[in-house]
Amino acid sequence: MADDPQYGGLSAPDAEASAFVGRTAETGELLKALGELRAGAGRVVAVTGEPGVGKTTLLATVAARARADGIPVVSVAAVAGTEPRPDAPLVVVVDDLHALSEERIVVAERAMRSAATTPTLCLLAYRPRQLSAIYAELLARATPAGPLSAVPLGPLTRQEAAELLGDHPHPDTLYDDALGNPLYLKALGMRGPAHEQAVTAILGELAGLDEQALIALRAAAVLGGPFQPELLAAVADLGMPPTLGALDELTRLDLVRPAERAPQLAVRHRALSEVVYERVPPSLRHGMHRRAEAELTRRTAPVALRARHVAQVADPSRPDHATTLISAARSELYDSPSAAVEHLETAVTLLSEGAEHWYEAHVLLARARMLSGKAADARALLDTLRSTITGSDEAAALADSSRLERHRGRHTEAGAMARAGLAALTEHNGATAAALHVELADHAYTVRDHQSSRHHAETAAALARGHRDQVGESHALAQAALASLFLGDQHTARRQATTAAELVDAAGDLLLSTNLDALLQLGMTEGMLERLDDAERHLERAAALCGRTGQVYIEPDILTVLSNTQLRSGRLRAALATLDRADAILAGGGAPVTAAIIAMVRAETLFWQGGTRDQEAWRASADQALEIVAGSQAAWAISVRCFHAELALHAGGSDPAHARWLLLDAAGGDELGRVAGWRKPRWCDALARAAAAVSDPAATAHWAELAESCAGQLPSAGRRAFAQRARMWDHAVRGDVDSALRSAREAVEGFAAGEECVELCRTLLDAAGVALGAGHTQDVADWLDRAEALAGRCGSARLAEAVTSRRQELVNRSRPSAPQGPWALLSGREREIARLVSKGMTNHRVAEALFLSVRTVETHLGQIYRKLGVANRASLTHVLLTHGEQRP
């Protein structure tokens, strides 16, 4: 009995070891066919798909499973030597059906025919694009009874691709680039054995190419994009007839395909093109780039196309080479800053200091390095440039330096540079002046000088409007709105933020990519104004543009604000996904402020997502944040410590007095002197809670008063809600339950208006706890219903557990005058409906009696069944009769 263990380079043991992501349904279909084979039924299964999509791996995995079950497996090459097995099962693997020789076609056809009459499982794999008419006829002829099953392999899902890529910083962008193909994902986004395996597979497709076809493919890789046959002929230096013949061969092998714009062609995928390009001999590559540059220049092609080739053959004696590279870099600066860096680093080597375009090239290079995340290199170059220039050129360099230092978290240095830049200007009405005022507005906000911040922001907005920079105007207006909010002018703040959003929403992605700071600032401002949906929308757009353009300098900041926005709105799973993206970027280094805040946002998100037993993950993240801020008294470090103290209070692992000490130590004593005013209501609420836990009415009164005083300076529903919740604790500790619940209801309204889902749920639970602690049950069931819905919406196990605990407390602590037993689990409306249903009324009659829709009655009835653990009206009636119709 012949047995060939090799299928496309994978042996049977390798097949199990090379577990691939996804393909669960497709693997299940083939294993189902294997199960039928064990029962004696033959079948032909065809696995189809693009090159690299995983056909061979899938066949090898199933073949390994068959061997493990003791079923012989043979390749098409070994079928001819296999003895007849009329009753014994057999698996025949026919990989790359589209490329079989004529001799093996006959053998494959015989194997497929035998599947109709014997227990033979024939597993085929082929590329539909390369399946000729002869092979298609073979499939139709060999399966006349119709046992052929098709298992098409498409691209991986985004989630599967992210699993394959691991910690790649831009999985979505890479997914789009690779079209979800696992081979291309490995070739473009992975390193190590997985990458080498992908390269080997790609190179294997080139085996057997004749010399002219290989030269043509190399020339296509050098061109790096769509091409016309005439251009390829010039670059390959083959002449038209040999080039056309080579293209026919490359197209037949699916190495070259028609491009979207006829009559152009292109290498099948960038991954294939890059692998080929890297292996073109240097002398041949140089000649091809030189011919490409000459031919594209003759055709007056776009400068970005020519720059790719100029960079490879740059000649200091050719001034046009430097200008071509600079022009290309300018056009690619915001769309692909890493490409701009490459062009400019080549250009500056062609220019002597003081020569024409020397200064322009270096300024552009510094900016491109900043955008691509090379902060230290950009700062060093800008410092060098400033020593050689004055006036408006120096001001422009200082504006870039200020922006760079701001994103590095060095706000004092950023402000100093912006002031120096403004002083160096001779004219104060241009784009540079606007940029400097933006930087000064940001610095003034950082030092809490909100009046100056608004002045600089409004000046920048007017300047940007004057030279029709709508994105710059939006950036400045968003800054002005934030300053107006902190000055207590909420009406102006909302108006300015609305105008900023309108300007951004009207701008295209290309325009926005020139100033992603505008989207970041707008998202921050909208978050402060409690427009969380709008904030998330704009920040998501900013993050997508970062991934698309490679402007990594700003991406961690955007993802930090976005994750916090998602946390506040209760989208815990989305927040964790955003944090994972941020961590992947910060793995290469980042500002301590960003790393610390991301770690603390992760800690808080994990805290609410997990249950009370899930302690390890959030504590580890919180400890990481504390480690980063150790010794720092910066505002961001103090905020991190305060959030840590608040989590300690929520967790209940330490006593309230210790949590209070942690918070006071971080915030600066009884007046919270180290904390910005807009943060104080939140920390006052936490401190009031801690004071109430130890029955300290003097302390609860102090924190409630301070919270109300600070909230009054910042007219925000969310800030007021924290103050109202602090007052709830104050009333509760004094025994004034009615006043406490009135404050709780006001806090609920405030958090609902601010779209703060986690805080809203917490407040409902706290209000229920205060009420139950005093023996009150009225409205508690309704509050818990709402809290339960919010906990489910947020995906919070911790909040869901708290709802369950409160429900049990509701049953246990009901007053004698309140509904007893099952009645205590129902809201007021649900009790009305249950009472009428138990009397035999139909849903329609109940709806009429209570002036409700029938659908609303049905919804309430479903909730009643769930809460009481009954399945129908008869069971409901029995439960109510057993416990009696007790009214509150």
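Just the heavy atoms: all of them, side chains too, but no hydrogens, waters or symmetry mates, feed the values below.
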**Complete:** Smallest heavy-atom separation, Ala201 atom then Leu183 atom, equals CB-CD1, 3.9 Å
**Prompt:** Side chain of Thr251, backbone of Asp248: donor and acceptor closer than 3.5 Å?
**Reply:** no
**Item:** Ser513 and Gln551: side chain donor to acceptor below 3.5 Å
**Value:** no
**Complete:** To the nearest 0.5 Å, atom OH of Tyr175 lies from atom CG of Asn181 at 10.0 Å
**Prompt:** Can you tell me how far OG1 of Thr560 sits from CD of Glu555, rounded to the nearest 0.5 angstrom?
**Reply:** 10.5 Å
**Gln159, CD atom: more than 12 neighbouring heavy atoms under 6.0 Å** = no
**Request:** Ignoring hydrogens and angles, tell me if any N or O in the side chain of Glu160 forms a donor-acceptor pair with the backbone of Thr157 under 3.5 Å.
**Result:** yes
**Message:** Looking at every heavy atom in both Leu59 and Ala125, which two are closest together, and how far apart are they?
**Reply:** CD1-CB, 3.5 Å
**Prompt:** What is the distance from atom NE2 of His269 to atom CD of Glu274, rounded to the nearest 0.5 Å?
**Reply:** 9.0 Å
**Item:** Approximate separation, where rounding is to 0.5 Å, of Leu606 CG and Glu604 CD
**Value:** 10.5 Å
**Asked** Between Asp254 and Arg127, does at least one N-O distance fall below 4.0 Å, as a salt bridge requires?
**Response** no
**Derivation of the salt bridge (charged side-chain N to carboxylate O under 4.0 Å, His left out) call for Lys32 and Glu29** = CA-CA 5 Å; Lys32 178 183 176 183; Glu29 180 66 23; 5.0 Å; no
**Request:** Would you please say whether a donor-acceptor pair under 3.5 Å links the side chains of Thr549 and Asp335?
**Result:** no
**Message:** Within this structure, what is the CZ-CG distance for the pair Arg581 and Leu586, rounded to the nearest 0.5 Å?
**Reply:** 12.5 Å
Check residues 33-41 and write down every donor-acceptor pair under 3.5 Å in which the side-chain atom is one partner and the other belongs to a residue at least two apart or another chain.
{"unit_1": "Glu36", "atom_1": "OE1", "unit_2": "Arg43", "atom_2": "NH1", "d": "3.2"}
{"unit_1": "Arg38", "atom_1": "NE", "unit_2": "Asp69", "atom_2": "OD2", "d": "3.2"}
{"unit_1": "Arg38", "atom_1": "NH2", "unit_2": "Asp69", "atom_2": "OD2", "d": "2.3"}

**Complete:** Of all heavy-atom pairs linking Val276 and Ala221, the shortest is CG1-CB, 3.9 Å
**Request:** Please report the shortest heavy-atom distance between Arg602 and Leu576, naming the atom on each side.
**Result:** NH1-CD2, 4.1 Å
**Message:** For a side-chain contact (heavy atoms from CB on, under 4.5 Å) check, start with the C-alpha distance between Asp210 and Leu214, then their side-chain angles and the critical distance, and finish with the verdict.
**Reply:** CA-CA 6 Å; Asp210 62 41; Leu214 182 58; over 6 Å; no
**Message:** Can a donor-acceptor pair be found, under 3.5 Å and without considering hydrogens, that links the side chain of Arg279 to the backbone of Val275?
**Reply:** yes
**Prompt:** Is there side-chain contact between Val94 and Leu123, with heavy atoms separated by less than 4.5 Å?
**Reply:** no
**Prompt:** Would you call Asp509 and Arg548 a salt bridge, taking side-chain N to carboxylate O under 4.0 Å as the test?
**Reply:** yes
**Request:** May I ask you to check if Arg798 and Phe607 form a cation-pi contact, with NZ or CZ under 6.0 angstrom from the six-membered ring centre and within 45° of the axis?
**Result:** yes
**Side-chain heavy atoms of Leu30 within contact of Val151, under 4.5 Å** = yes
**Prompt:** Given the rule in the side-chain contact (heavy atoms from CB on, under 4.5 Å) test, do Val74 and Val93 qualify, once you have shown the distances and angles that lead to the verdict?
**Reply:** CA-CA 6 Å; Val74 298; Val93 177; over 6 Å; no
**Electrostatic pair Asp96-Arg104, nearest N-O below 4.0 angstrom** = no
**Message:** Quick check against the 3.5 Å criterion: does Thr578 have a side-chain atom that pairs as donor or acceptor with the backbone of Leu562?
**Reply:** no
**Message:** Whether Arg129 and Glu50 form a salt bridge (side-chain N of Lys/Arg under 4.0 Å from carboxylate O of Asp/Glu) is what I want to check.
**Reply:** yes
**pair Gln264-Gln228: side-chain heavy atoms closer than 4.5 Å** = yes
**Request:** Run through Leu164, Leu179, Asp177 and flag the one making a side-chain contact (heavy atoms from CB on, under 4.5 Å) with Leu185.
**Result:** Leu164
**Prompt:** What's the spacing between Leu250 CG and Arg257 CZ if we round to 0.5 Å?
**Reply:** 13.0 Å
**Request:** Would you indicate whether the side-chain heavy atoms of His286 and Gln312 approach each other to under 4.5 Å?
**Result:** no
**Request:** Please check if the side chain of Ser569 supplies one atom and the backbone of Gln566 the other of a donor-acceptor pair under 3.5 Å.
**Result:** yes
**Check: Gln130 and Arg252 side chains under 4.5 Å, non-hydrogen atoms** = no
**Prompt:** Taking atom CZ of Arg573 as the centre, does the number of heavy atoms from other residues, nucleotides or ligands within less than 6.0 Å exceed 12?
**Reply:** no
**Asked** Which atom pair, heavy atoms only, marks the closest approach of Thr243 to Pro229?
**Response** CG2-O, 3.9 Å
**Message:** With a 4.0 Å cut-off on N to O distance, would you call Arg285 and Glu278 a salt bridge?
**Reply:** no
**Prompt:** Where the side chain of Thr61 meets the backbone of Thr57, is there a donor-acceptor pair that is under 3.5 Å apart?
**Reply:** yes
**Request:** Check the pair Val256 / Arg268 against side-chain contact (heavy atoms from CB on, under 4.5 Å), numbers first and verdict last.
**Result:** CA-CA 5 Å; Val256 167; Arg268 185 180 73 218; over 6 Å; no
**Asked** Okay, side chain of Lys55, backbone of Leu153: is any donor-acceptor separation there less than 3.5 Å?
**Response** no
**Asked** Would a 4.5 Å heavy-atom cut-off, applied to side chains only, mark Leu188 and His195 as touching?
**Response** no
**Side chain proximity check, Leu90 to Leu121, heavy atoms < 4.5 angstrom** = no
**Prompt:** Any idea which heavy atoms bring Gly550 and Pro337 closest together, and the distance?
**Reply:** O-CG, 3.7 Å
**Message:** Pair Leu174, His168 - check side-chain contact (heavy atoms from CB on, under 4.5 Å), show working.
**Reply:** CA-CA 9 Å; Leu174 186 58; His168 194 280; 3.8 Å; yes
**Item:** Ile215 and Asp237, any side-chain heavy atoms less than 4.5 Å apart
**Value:** no
**Prompt:** Can the ring centres of His289 and Tyr277 be said to be less than 6.0 Å apart?
**Reply:** yes
